Amino acid sequence: MKAVVYARYGPPETLRLADVQTPAPRGDEVLVKVHAVALNASDWEMLRGKPLYSRIGGPFRPRHHVLGSDIAGRVQAAGRTATRFRPGEDVYADILSRMGGFAEYVSVPQSVLAPLPSGMTYEQAAALPQAGAIALQGIRDKGQVRPGQTVLINGAGGGSGMYAIQLAKLAGAEVTGVDSTEKLEFMRSLGADHVIDYTREDFTRAGRAYDLILDLAGHRPVRAYRASLSPGGRYLYVGGSVATLLQVLLLGPVTGRAKRSTMRVLAVRLGAQHLVPLVELCQAGKITTVIDRRYQLSEVPEALRYLGEGHAKGKVVVIVE
Ligand SMILES: NC(=O)c1ccc[n+]([C@@H]2O[C@H](COP(=O)([O-])OP(=O)(O)OC[C@H]3O[C@@H](n4cnc5c(N)ncnc54)[C@H](OP(=O)(O)O)[C@@H]3O)[C@@H](O)[C@H]2O)c1
């Protein structure tokens with residue numbers, strides 16, 4: 001089969017389209033013919049080995065040689081004990097723990113697969129897992145957004161932000177989206193009440209306070225975020241620099257206490273089983289998935305460069321013919 005492989009951390013040029021052995025499903029594994037695979041910031045980070053946390057499991061060389069985690073496709077074959085899915089069934093999954101989606105086929109444990117939601121295309125389903133889980137848990141489960149609250153989403157113009165803005169609006173919040181200049185209009189189109197261009201303005205110095213800050217691009221010291229929290233407010237770090245991650249882990253509990261606020265890292269529970277409420281909202285037409293660009297398997301390097309250089313508004317999806 002064809003797969004996009006890499007053997008060392010580096011720029012998109014380190015990726016190449018290669019002929020590799022088609023995996024055989026063993027035990028409870030299911031072989032899926034990949035039809036669509038959506039890109040995430042984690043693919044870009046694991047390609048380059050930056051930030052450092054992306055090297056967990058492979059400090060010097062990549063642990064996985066094929067990236068791509070959010071897949072949708074059709075079951076091709078099942079291992080001896082894999083009884084939940086039959087060949088011909090349409091499925092989708094988040095396979096972040098093993099990767100391998102930038103390929104024609106991938107073999108995955110049946111436990112991570114879910115049936116393709118009815119009414120959804122492969123590309124819509126592939127767009128959901130990682131970005132959807134971050135948004136759902138950040139806004140609803142851990143963010144606990146209520147009507148009338150003020151929510152700031154830092155990095156709101158990307159994949160997770162696309163769902164997070166819409167979920168926060170559905171929850172009745174007043175939403176501020178922060179991202180780069182070319183994404184301001186996109187955030188407004190998703191429903192953001194206010195937008196801030198981070199290349200021109202530092203929201204932590206604007207003197208405004210929020211009930212929830214969902215930080216998809218955390219690069220500031222915790223004291224700066226604390227200054228932007230309302231009393232009793234929540235700050236959730238999802239991604240960004242290792243320095244901010246460590247500060248939130250070590251200092252967050254103490255720093256937040258003064259204002260009765262919570263400052264913590266959101267460890268996202270990944271897996272299609274956690275996405276049910278979001279899938280229902282998508283099926284009801286209340287949440288939209290915006291697919292900015294589609295690429296072919298041979299174009300994965302260009303697709304990752306487009307995402308990594310910060311041009312993507314919403315999701316970028318690779319369609320595997
Ligand atoms: N905590 C967990 O369990 C967990 C699990 C999975 C993933 N993650 C992390 O979640 C993060 C978000 O993922 P995503 O898929 O939404 O990423 P994404 O699609 O790349 O979106 C991130 C957005 O942040 C913007 N941005 C970059 N620097 C910024 C800054 N200084 N201030 C404000 N915005 C900035 C980017 O725009 P520009 O590039 O144009 O600047 C981009 O639009 C990633 O870092 C990923 O590693 C965390």
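Counting starts at 1 for both ligands and their atoms, following the listed order. Predicted model, so just to flag it, every value in this text is computed and none were measured.
Comparing Gly308, Gly159, Ala156, Ser69 by heavy-atom distance to atom 19 (O) of ligand 1, the nearest is Gly159. Here atom 33 (C) of ligand 1 lies nearest to Asn154 when heavy atoms of Ile196, Leu216, Asn154, Leu307 are compared. Summarising the contacts of atom 27 (C) of ligand 1 with Tyr198, Trp44, Tyr163, the nearest heavy atom is found in Tyr198. Nearest residue to atom 42 (C) of ligand 1 from Ile134, Leu245, Asp179, Asp202 is Asp179 (criterion: closest heavy atom).
Residue-level proximity to ligand 1 for Gln130 is carried by the side chain, the only part with a heavy atom below 4.0 angstrom. Of the heavy atoms in His311, none comes closer than 4.0 Å to ligand 1.
If you chain together hydrophobic residues whose side chains sit under 4.5 Å apart, Ile319 and Leu116 never meet in one group.
Where the criterion is an N or O separation shorter than 3.5 Å, residue side chain and backbone included, Ser160 meets it with respect to ligand 1. The shortest N or O to N or O distance between Leu96 and ligand 1 is not under 3.5 Å. At least one N/O-N/O distance between Val268 and ligand 1 falls below 3.5 Å. Annotation: Ala217 places no N or O atom under 3.5 Å from an N or O atom of ligand 1; distance criterion only.
Side-chain contact between Val66 and Val4 is absent, with no heavy-atom pair separated by less than 4.5 Å. Side chains of Tyr306 and Asp292 form a contact here, defined as non-hydrogen atoms less than 4.5 Å apart.
Interface of Ser180 with ligand 1, defined as ligand atoms under 4.0 Å from a residue heavy atom, comprises 38 (P), 40 (O). Near Gly157, meaning under 4.0 Å from any of its heavy atoms, are these atoms of ligand 1: 43 (O). Per-residue contacts place His219 under 4.0 angstrom from the following atoms of ligand 1 (heavy atoms of the residue considered): 31 (N). Heavy-atom proximity to Gly158, at under 4.0 Å, picks out these atoms of ligand 1: 19 (O), 21 (O), 43 (O). Using a 4.0 Å cut-off to heavy atoms of Ala41, the atoms of ligand 1 that qualify are 13 (O), 15 (O), 17 (O), 20 (O), 44 (C). Close approach of ligand 1 to Lys183 (heavy-atom distance below 4.0 Å) involves ligand atoms 36 (C), 37 (O), 38 (P), 39 (O), 40 (O), 42 (C), 43 (O). Near Leu266, meaning under 4.0 Å from any of its heavy atoms, are these atoms of ligand 1: 1 (N), 2 (C), 3 (O). When each atom of ligand 1 is checked for a heavy atom of Gly239 under 4.0 Å away, the hits are 45 (O).
At distances below 3.5 Å, at least one donor-acceptor pair connects side-chain atoms of Gln283 with backbone N or O atoms of Ser118. Distance alone, capped at 3.5 Å, places no donor-acceptor pair between the Gln76 side chain and the Val32 backbone. Ser54 contributes a side-chain N or O that, together with a main-chain N or O of Pro51, makes up a donor-acceptor pair within less than 3.5 Å. Without hydrogens or angle criteria, Arg55 side chain to Gly49 main chain gives a donor-acceptor distance under 3.5 Å. Judged by distance alone, with hydrogens and angles left aside, the side-chain atoms of Arg98 form a donor-acceptor pair with the main-chain N or O of Ser107 at under 3.5 Å.
If you check which protein heavy atom lies closest to atom 45 (O) of ligand 1, you get Glu45 OE2, 3.1 Å. Nearest protein heavy-atom neighbour of atom 48 (C) of ligand 1: Val238 O, 3.1 Å. Ranking protein heavy atoms by distance to atom 39 (O) of ligand 1, first place goes to Gly310 CA, 3.2 Å. Of the protein's non-hydrogen atoms, Gly155 O, 3.5 Å is the one closest to atom 23 (C) of ligand 1.
Residue contacts with ligand 1: Ala131 is excluded, as none of its non-hydrogen atoms falls under 4.0 Å. Residue contacts with ligand 1 include Tyr53, since one or more of its heavy atoms lies under 4.0 Å from the ligand.
For the residue pair Gln137/His274, the side-chain donor-acceptor check at 3.5 Å is not satisfied. Looking only at atom types and distance, the side chain of Asp70 has no donor-acceptor partner in the side chain of Tyr92 under 3.5 Å away. A donor and an acceptor atom, one from each side chain of Arg223 and Tyr225, are nowhere located under 3.5 Å apart.
Pairs passing the ring pair (Phe, Tyr, Trp, His ring centres under 6.0 Å) check and including a residue from residues 13-72, sequence neighbours excluded, read His35-Tyr122.
Only one option out of Leu304, Val5, Ile71, Leu17 pairs with Phe102 in a side chain to side chain contact (heavy atoms under 4.5 Å, CB included); it is Leu304.
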Taking only distance into account, with no hydrogens and no angle test, what donor-acceptor pairs under 3.5 Å do side-chain atoms of residues 152-162 form with protein atoms, sequence neighbours excluded?
{"unit_1": "Asn154", "atom_1": "ND2", "unit_2": "Asp215", "atom_2": "OD1", "d": "2.8"}
{"unit_1": "Asn154", "atom_1": "ND2", "unit_2": "Ala217", "atom_2": "O", "d": "3.1"}

